[in-house]
J.: 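Quick one: the structure is below, questions incoming.
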Amino acid sequence: MDRKITPVSKIFLVIIFFILYAPIFFLIFYSFNSGGNMNNFEGFTFDWYKELFQDTRLLIIVLNTLVVALLAALFSTIIGVMGALGIHAARRRQTKNTLLSINNVLIVSPDVIIGASFLVLFTMAGIKLGFYSVLLSHIAFCVPIVVLMVLPKLSEMSPTLLDAARDLGASRLDVITKVVLPYITPGIFAGFFMALTFSLDDFAVTFFVTGNGFSTLSVEIYSLARRGISLNINALSTLLFLFTLILVVIYYFINQRQQKPVLGGRK
Amino acid sequence: MENKVTRQLYMVPYVLWIVLFVIAPILLVLYYSFFNIEGQLSLDNYQKFFTPVYLKMTLSSFWYAFLITAITLLVAYPTAYLLTKTKHKHLWLLLIIVPSWINLLLKAYAFLGIFGTFGAANQFLELIGIGTQQILFTDFSFIFVSVYIFIPFMILPIFNSLNQLNPTLLDAANDLGASKWMTFKRVIFPLTIDGVKSGCQVVFIPALSLFMLTRLIAGNRVITLGTAIEQHFLVTQDWGMGSTIAVFLIIFMFLIMFLTGTKKRGV
C-alpha cells in the first residue's frame with residue numbers, strides 16, 4: 001500500500017482535527033474572559049474558576065456524580081465479569097448467541113428508551129427517584145459494556161491453561177481465582193474504566209430517572225445551558241477536559257499493558 | 001448435581017440483571033402503551049400514532065437521522081482512510097476519540113456560543129462580507145452539531161475494518177491494472193462494508209432519539225422521536241403515548257439492527 005499522503009489529504013485531516021477540537025478550546029478560551037460572554041474577549045480573569053469553587057451546590061453535584069460513577073463501575077464490573085464467565089462457559093452455541101444478543105440490547109438502545117423504560121420500571125417497583133434509581137440504572141447500562149470488554153480476553157485464553165490447572169489438582173474456585181481472573185485482569189480494568197466513563201458521560205438516562213432532589217453533572221449542565229450562557233460552565237468544562245485527558249492517559253497505559261504478550265496467550 | 005448448581009450460581013446476578021433491566025423494562029413499556037391518558041385500557045395511542053401529526057414527525061425524524069448519518073459517513077470514511085496511512089495511526093485515532101469523551105452537553109453548549117447571533121461563526125461571516133445570519137435554532141445547526149458529535153463514533157469502526165484490510169489485495173488490484181477509483185469501488189469499500197454498517201448503526205439509532213440537541217440547538221424546531229418521548233414522559237405526563245412512540249422506536253431499532261447486522265460478533 002502506498003503510504004504517501006498528498007498535501008490535499010493532509011489539509012483535509014487538519015480541517016477535521018480543527019473542527020473536532022475547536023469547540024472545546026473555544027470553551028476553554030472564554031472561561032478566562034472577564035467580559036461574561038462568549039463573543040468578545042475583554043480581559044483575562046480567574047473569576048469564573050473562583051466562583052465555581054465557591055459554589056457548594058455544584059461541588060456536591062460533582063461529588064454525587066463521582067460517587068455514582070465509581071459505585072456503578074464497581075458493581076457493573078462484578079456483575080459483568082460473572083456474566084462474561086457464564087457466557088463463556090455456555091456449552092451450546094445457541095445459548096451463547098442468545099445471551100450475547102440480549103446483552104447487546106442495552107448497548108444499541110437509544111438512551112431515551114432506556115431512560116423512559118427505567119422510569120416506568122422504578123415507578124412500578126415503588127423505588128423513589130433519586131440517588132438509588134440513578135445508581136441502579138447506571139449499573140444496569142454499564143453491565144453489558146463490561147461483558148463486551150471481558151469476553152475477548154476469555155476467548156483468547158488457551159483452554160490448556162485450565163486443563164493444566166485441573167491436572168495439578170486445583171479446585172474449581174482455584175481455577176477461577178488463580179488462573180482465569182489474573183489472566184483477564186486487563187479486560188476487567190478496561191471494562192471498569194469504560195463503565196466509569198459511560199456513567200460520567202451519561203445524560204439522557206439520568207435525566208429521566210433523577211428526581212427533584214438529586215442531580216448529576218450532566219443534568220446540571222443541561223439545565224444551566226437551557227438558561228443561556230454562563231461562563232461558569234466554561235470553567236467547569238476546562239476542568240472536565242483536563243480530567244478526561246488524565247483518564248485517557250490511564251486508559252492508554254492499560255491498553256499498552258494489555259498488548260504485552262502474556263504467557264500461554266494464543267494469538 | 002451439586003457441581004452444576006455451583007457452576008450456575010455465579011450466573012445469578014447476571015441473569016437477574018437481564019430479567020430486571022433488559023426484559024422487564026421493554027415489557028413494561030409495551031404494557032403502558034395500551035393505556036390512554038385517562039388510564040383506560042385501549043388502543044387509542046396506536047390510533048393516534050397513525051394520524052398525520054405523528055406520522056409526519058416520524059418521517060421527519062427519519063429524514064434528519066438519514067441526513068446526519070449520510071453526512072457523517074461522507075466525512076468519516078475519508079478521514080478513517082487517511083488515518084490508516086499516517087505514521088502513528090493509533091495515536092491519531094486516540095486523538096480523534098478524545099473529543100467523544102468530553103460531555104456531549106458541553107459540546108452542545110460550546111455551539112450555543114459559536115453559532116449565537118454575535119458568536120464566532122457570525123463574526124467570521126461578517127468578516128468575509130456575508131453578514132450576520134440566524135444560525136442557531138435552524139435545521140443547519142442541528143445537523144451540523146449532530147454530525148460533529150457522531151464523527152468519532154463513525155470513524156472508529158471504519159478505521160478498524162480498514163486497518164484489517166490485507167494490503168496485498170491492493171497490490172493485486174494494482175498489478176491487475178485497476179485504477180485507484182476502481183480499487184476503491186471493487187476492493188476497499190466492499191471489504192470494509194462491515195465497518196460502515198456498524199458505524200451507520202451507531203449513528204442512525206441515536207440520531208433518531210437525540211432530544212437534548214433538539215432542545216438546546218434546534219430550539220424545538222426539530223422534533224425527533226426522542227424529543228416526543230421525552231415530551232410525553234416528562235412534560236405532558238402522558239406515559240401511554242410516550243410508551244407507544246417508544247415501542248415504535250424499539251421496533252425501528254430492531255429493524256435497523258437486522259438490516260445492518262454483521263456476521264462478526266463483538267465490537
J.: Is any side-chain heavy atom of Ile113(A) closer than 4.5 Å to a side-chain heavy atom of Ile250(B)?
T.: yes
J.: Flag the one option from Leu216(B), Ile229(B), Leu20(B) with the top tally of heavy-atom pairs under 4.5 Å to chain A.
T.: Leu216(B)
J.: Does some side-chain heavy atom of Leu106(B) sit less than 4.5 Å from a side-chain heavy atom of Leu27(A)?
T.: yes
J.: Using a cut-off of under 4.5 Å for heavy-atom pairs, which of Thr168(B), Leu28(B), Val98(B) has the most such pairs with chain A?
T.: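 Option with the greatest count: Leu28(B).
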J.: Heavy atoms only, distances under 4.5 angstrom: which of Val108(A), Leu240(A), Val105(A) has the most pairs with chain B? Name it, please.
T.: Val108(A)
J.: So which of Asn234(A), Val112(A), Ile78(A), Ile176(A) has the biggest tally of heavy-atom pairs under 4.5 Å with chain B?
T.: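 Answer, by heavy-atom pair count under 4.5 Å with chain B: Val112(A).
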J.: Can you say whether Val147(A) sits under 4.5 Å from chain B via the side chain, the backbone, both, or neither, judging by heavy atoms?
T.: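 The side chain, not the backbone.
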J.: Side chains of Thr86(B) and Leu13(A): does their closest heavy-atom pair fall under 4.5 Å?
T.: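 In short, these two side chains touch, coming nearer than 4.5 Å.
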J.: Once you round to the nearest 0.5 Å, how far does OG1 of Thr79(B) lie from CZ of Phe12(A)?
T.: 4.0 Å
J.: Would you confirm whether Trp17(B), through its side chain, and Ala140(A), through its main-chain N or O, come within 3.5 Å as a donor-acceptor pair?
T.: yes
J.: Side chains of Ile24(A) and Pro99(B): closer than 4.5 Å at any heavy-atom pair?
T.: yes
J.: Please tell me whether Phe211(B) and Phe207(A) form a close aromatic pair, meaning their ring centres lie under 6.0 Å apart.
T.: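 They qualify: ring centres under 6.0 Å apart.
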J.: Side chain from CB out, backbone as N, CA, C, O: work out which of these in Tyr148(B) comes under 4.5 Å of a heavy atom of chain A, or both, or neither.
T.: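 Both backbone and side chain.
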J.: So which of Leu169(B), Leu105(B), Leu27(B) has the largest heavy-atom pair count under 4.5 angstrom toward chain A?
T.: Leu105(B)
J.: Is the distance between the ring centroids of Tyr109(B) and Tyr222(A) under 6.0 Å?
T.: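 Centroid separation for Tyr109(B) and Tyr222(A): 6.0 Å or greater.
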J.: If we only count heavy atoms from C-beta on, is the Leu121(A) to Phe21(B) side-chain gap below 4.5 Å?
T.: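 Side-chain contact under 4.5 Å: yes.
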J.: In terms of heavy-atom proximity below 4.5 Å to chain A, should Val15(B) be classed as side chain, backbone, both, or neither?
T.: neither
J.: Please evaluate residues Met82(A) and Met11(B) with respect to the criterion side-chain contact (heavy atoms from CB on, under 4.5 Å), reporting the C-alpha separation (whole Å), side-chain torsions for both, the decisive distance (0.1 Å), and the verdict.
T.: CA-CA 6 Å; Met82(A) 287 176 167; Met11(B) 274 300 268; over 6 Å; no
J.: If you count heavy-atom pairs within less than 4.5 Å of chain A, which of Ile205(B), Ile114(B), Val29(B) leads?
T.: Ile114(B)
J.: Sort out for me which of Leu16(B), Ile18(B), Leu95(B), Ile23(B) touches chain A most, counting heavy-atom pairs under 4.5 Å.
T.: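 Of the options given, most contacts go to Leu95(B).
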J.: Using salt bridge (Lys or Arg N to Asp or Glu O under 4.0 Å) as the criterion, list what pairs up with Arg166(A), not counting sequence neighbours.
T.: Asp163(A)
J.: Mind checking which of residues 231-239 of chain B sit less than 4.5 Å from chain A, heavy atom to heavy atom?
T.: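 Only Phe233(B), Leu234(B), Trp239(B) of residues 231-239 of chain B have a heavy atom under 4.5 Å from chain A.
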J.: Specify which of Ile19(A), Leu20(A), Leu136(A) makes the most heavy-atom pairs with chain B at under 4.5 Å.
T.: Leu20(A)
J.: Which atom names give the shortest non-hydrogen contact between Pro23(A) and Ala110(B), and what distance separates them?
T.: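 The answer is O-CB, 3.6 Å.
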J.: Is it the side chain or the backbone of Met253(B) that comes within 4.5 Å of chain A heavy atoms, both, or neither?
T.: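 Just the side chain, heavy atoms under 4.5 Å.
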J.: Relative to chain B, which of Val81(A), Leu200(A), Leu217(A), Ile87(A) shows the most heavy atom pairs under 4.5 Å?
T.: Ile87(A)
J.: Minimum heavy-atom separation for Gly113(B) to Ile229(A), with atom names?
T.: CA-CD1, 3.9 Å
J.: Can you tell me if Tyr14(B) uses its side chain to pair, donor with acceptor, with the backbone of Gly80(A) under 3.5 Å?
T.: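 No, because the side chain of Tyr14(B) does not come within donor-acceptor range (under 3.5 Å) of the backbone of Gly80(A).
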J.: Quick check: does any side chain N or O of Tyr32(B) sit under 3.5 Å from a backbone N or O of Ser117(A), one acting as donor and the other as acceptor?
T.: no
J.: What pair of heavy atoms forms the shortest contact from Ala120(B) to Phe26(A), and how long is it?
T.: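 Heavy-atom minimum between the residues: CB-CE1, 3.9 Å.
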J.: Nearest heavy-atom pair of Asn103(B) and Ser218(A): which atoms, and what distance?
T.: ND2-OG, 2.9 Å
J.: Who wins among Tyr30(A), Phe241(A), Phe141(A), Phe17(A) for the most heavy-atom pairs under 4.5 Å with chain B?
T.: Phe17(A)
J.: Which bit of Ile102(A) comes within less than 4.5 Å of chain B, counting heavy atoms only: side chain, backbone, both or neither?
T.: both
J.: Which atoms of Thr123(A) come close to chain B, meaning under 4.5 Å heavy atom to heavy atom: side chain ones, backbone ones, both, or neither?
T.: side chain
J.: Under 4.5 Å heavy-atom distance to chain B, tell me which part of Thr197(A) shows up: side chain, backbone, both or neither.
T.: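 Answer is side chain: those atoms of Thr197(A) sit under 4.5 Å from chain B.
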